[in-house]
Amino acid sequence: MKRVVVGLSGGVDSSVTAHLLIEQGYEVIGLFMKNWHDDSVTISNECPWLEDSNDAMIVAEKLGIPFQVVDLSEQYKERIVDYMFDEYSKGRTPNPDVLCNREIKFDVFMDIALQLGADYVATGHYCRKGSAIIDGKPVYKLLAGKDNNKDQSYFLCQLSQEQLTKALFPIGELTKPEVREIAKKADLITAEKKDSQGLCFIGKVRLPEFLQQKLQPKEGEIVTIPIDFEKYTVSTPKFENKEAELNYFSTKFSYQKEDGKVVGKHQGAHYFTKGQRKGLNVGGTKEALYVIETDVEENIIYTGEGKNHSGLYRNVLFVSNEEIHWIREDLALVSRETMEVEARIRYRQQLEKAVLYKVESGLYVEFENKQSAIQEGQFVAWYKNEELLGSGVIS
């Protein structure tokens with residue numbers, strides 16, 4: 001009998017995951033990951049992880065499986081929180097959920113599971129796992145979840161073959177309403193529980209307040225760049241080759257304070273991210289202002305009026321060699337190779353047509369349509385026919 005360790009989060013998805021595995025004849029163990037207990041940065045005195053671990057325990061009792069809480073807060077602080085503060089202080093925007101899966105759930109947590117003699121680790125992600133024999137070896141595939149509204153493959157875009165070998169995603173074939181229905185029938189207390197928001201496992205924490213704990217406020221100016229800024233209308237030069245062209249279009253616009261007008265003050269450029277419009281508190285414009293660039297050196301936030309402002313859009317991005325990650329190592333490109341894919345730069349985004357171009361120093365992703373708010377530090381993930389092939393950190 002194969003043994004599976006399920007990360008029970010106290011939500012409906014992981015509860016149903018455990019229930020389905022028992023039905024499929026696995027021996028199931030439930031573990032709750034406690035990843036945060038630094039009360040200095042939770043906003044309210046509600047303690048979400050206690051409530052969640054309690055729900056997870058009740059579900060485990062109902063299902064008749066062993067249950068235990070594992071404290072991973074030290075690793076979480078080192079690998080996720082410190083990294084996030086560091087990235088934000090550099091004016092980049094990290095994705096804590098992607099990192100949490102790569103560094104915590106499928107690394108630290110997986111090690112604990114394997115020490116408990118597990119054959120597999122299962123999570124309540126809406127994605128599927130496939131496999132094929134290629135050159136005589138099994139190769140695992142990460143496929144999009146059946147529920148288009150809930151596909152979470154993007155969050156797992158940094159997993160490796162080794163991690164996928166041991167991973168199970170039992171609810172990937174289901175839709176959210178079906179999952180809730182199963183939970184109701186099985187009489188699980190999480191059946192109607194709302195989906196959790198906020199940082200992966202930190203609980204009810206809003207990001208700006210969280211960042212303010214460690215990154216000191218520093219007053220600076222908000223500058224608005226006009227829609228007809230000269231750099232937006234420069235005619236495109238002639239290029240010697242495709243790489244020169246990609247390099248040109250992947251380079252972001254740079255601004256000086258003189259390029260626009262000062263319209264307000266902010267409390268620190270490192271709290272803001274490209275494409276953001278909340279929290280600027282500048283009135284008197286026809287359309288909402290959007291952050292088009294942050295300069296953490298000079299502590300200036302550059303904004304543009306309206307969500308169609310040219311400063312928000314680019315169609316090429318670059319990933320350096322160190323940051324390229326192929327789930328399908330057998331498909332990795334070598335220099336000068338190209339691949340037609342569909343890609344996204346954030347979780348809820350529709351897949352968009354793109355071409356990958358491998359060059360000596362890294363990989364260009366050229367989108368057919370311009371993309372809004374391409375932000376350094378975030379992950380771009382590329383797919384072919386529902387399969388996530390690889391990903392990288394936007395540089």
Side-chain angles (χ1 to χ4, degrees), residues 4-26 28-33 46 48-49 51-65 67 95-98 100-101 105-106 120-131 141-157 159 164 167-204 342 344 346-352 381 383 385-388:
V4 186
V5 167
V6 177
L8 282 182
S9 66
V12 67
D13 298 331
S14 61
S15 306
V16 169
T17 297
H19 168 71
L20 292 173
L21 289 166
I22 294 167
E23 286 199 327
Q24 289 162 21
Y26 290 100
V28 178
I29 296 172
L31 289 188
F32 177 86
M33 288 176 258
E46 300 168 58
W49 74 264
E51 195 182 305
D52 289 340
S53 71
N54 209 21
D55 289 346
M57 184 174 71
I58 294 167
V59 166
E61 274 175 21
K62 173 85 187 164
L63 296 173
I65 59 173
F67 173 76
N95 187 314
D97 293 309
V98 172
C100 184
N101 285 313
K105 288 184 200 162
F106 289 92
Y120 297 105
V121 165
T123 62
H125 282 103
Y126 286 85
C127 61
R128 294 168 298 152
K129 173 175 151 179
S131 64
K141 303 177 178 190
L142 179 65
L143 305 167
K146 268 286 193 301
D147 185 337
N148 276 340
N149 294 318
K150 285 296 289 183
D151 167 35
Q152 290 172 321
S153 54
Y154 176 80
F155 289 137
L156 300 169
C157 68
L159 294 194
L164 267 180
L168 294 178
F169 308 113
I171 64 170
E173 298 287 345
L174 303 169
T175 64
K176 187 81 188 201
E178 289 172 326
V179 167
R180 289 204 184 276
E181 197 47 46
I182 292 170
K184 232 183 264 165
K185 284 206 174 103
D187 196 22
L188 302 175
I189 60 151
T190 51
E192 302 294 336
K193 191 170 171 180
K194 285 221 310 274
D195 288 351
S196 66
Q197 291 301 318
L199 283 181
C200 166
F201 295 124
I202 293 187
K204 299 182 172 64
E342 292 185 297
R344 58 167 55 110
R346 52 182 76 86
Y347 162 52
R348 298 297 295 179
Q349 189 190 21
Q350 291 297 321
L351 286 172
E352 301 262 348
Y383 293 72
N385 311 328
E386 292 199 302
E387 183 185 355
L388 202 169

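Given the structure is predicted, the values throughout are model-derived calculations rather than measurements.
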Do side-chain atoms of [X] reach the backbone of [Y] as a donor and acceptor pair under 3.5 angstrom?
| X | Y | answer |
| --- | --- | --- |
| Arg128 | Ile171 | no |
| Gln152 | Cys127 | no |
| Lys129 | Ala167 | yes |
| Asp151 | Gly145 | yes |

A side-chain contact here means heavy atoms from C-beta on lying under 4.5 Å apart; do [X] and [Y] qualify?
| X | Y | value |
| --- | --- | --- |
| Phe67 | Val59 | no |
| Thr123 | Phe106 | yes |
| Asn54 | Glu51 | no |
| Val4 | Leu168 | yes |
| Tyr347 | Asn95 | no |
| Cys157 | Leu142 | no |
| Lys62 | Ile189 | no |
| Leu63 | His19 | yes |

If I take atom [atom1] from residue [X] and atom [atom2] from residue [Y], how far apart are they, to the nearest 0.5 angstrom?
| X | Y | atom1 | atom2 | answer |
| --- | --- | --- | --- | --- |
| Leu143 | Glu173 | CG | CD | 8.5 Å |
| Leu21 | Ile29 | CG | CD1 | 12.0 Å |
| Asp55 | Phe32 | CG | CZ | 9.0 Å |
| Tyr126 | Phe155 | OH | CZ | 13.0 Å |
| Ile182 | Ser15 | CD1 | OG | 12.0 Å |
| Glu386 | Lys146 | CD | NZ | 6.5 Å |

(request) Could you label the plane-to-plane angle of the Tyr120 and Tyr26 rings as parallel, tilted or perpendicular, counting under 30° as parallel and over 60° as perpendicular? (result)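 Perpendicular, since the angle between the ring planes exceeds 60°.
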(request) Could you point out which residue of His125, Lys193, Lys176 forms a side chain to side chain donor-acceptor pair (under 3.5 Å) with Asp13? (result)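 So, applying the side chain to side chain donor-acceptor pair (under 3.5 Å) to Asp13 and each of His125, Lys193, Lys176, only Lys176 qualifies.
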So which heavy atom on [X] is nearest to which on [Y], and how close?
| X | Y | answer |
| --- | --- | --- |
| Ile65 | Gly30 | CD1-N, 3.9 Å |
| Leu8 | Ser14 | CD2-O, 3.5 Å |
| Glu178 | Thr175 | OE1-N, 2.8 Å |
| Thr17 | Gly124 | OG1-CA, 3.3 Å |
| Val16 | Ala183 | CG2-CB, 3.7 Å |
| Arg346 | Arg344 | O-CD, 3.3 Å |

(request) Evaluate the criterion salt bridge (charged side-chain N to carboxylate O under 4.0 Å, His left out) for residue pair Asp195 and Arg180; output intermediate values, then yes/no. (result) CA-CA 11 Å; Asp195 288 351; Arg180 289 204 184 276; 3.4 Å; yes
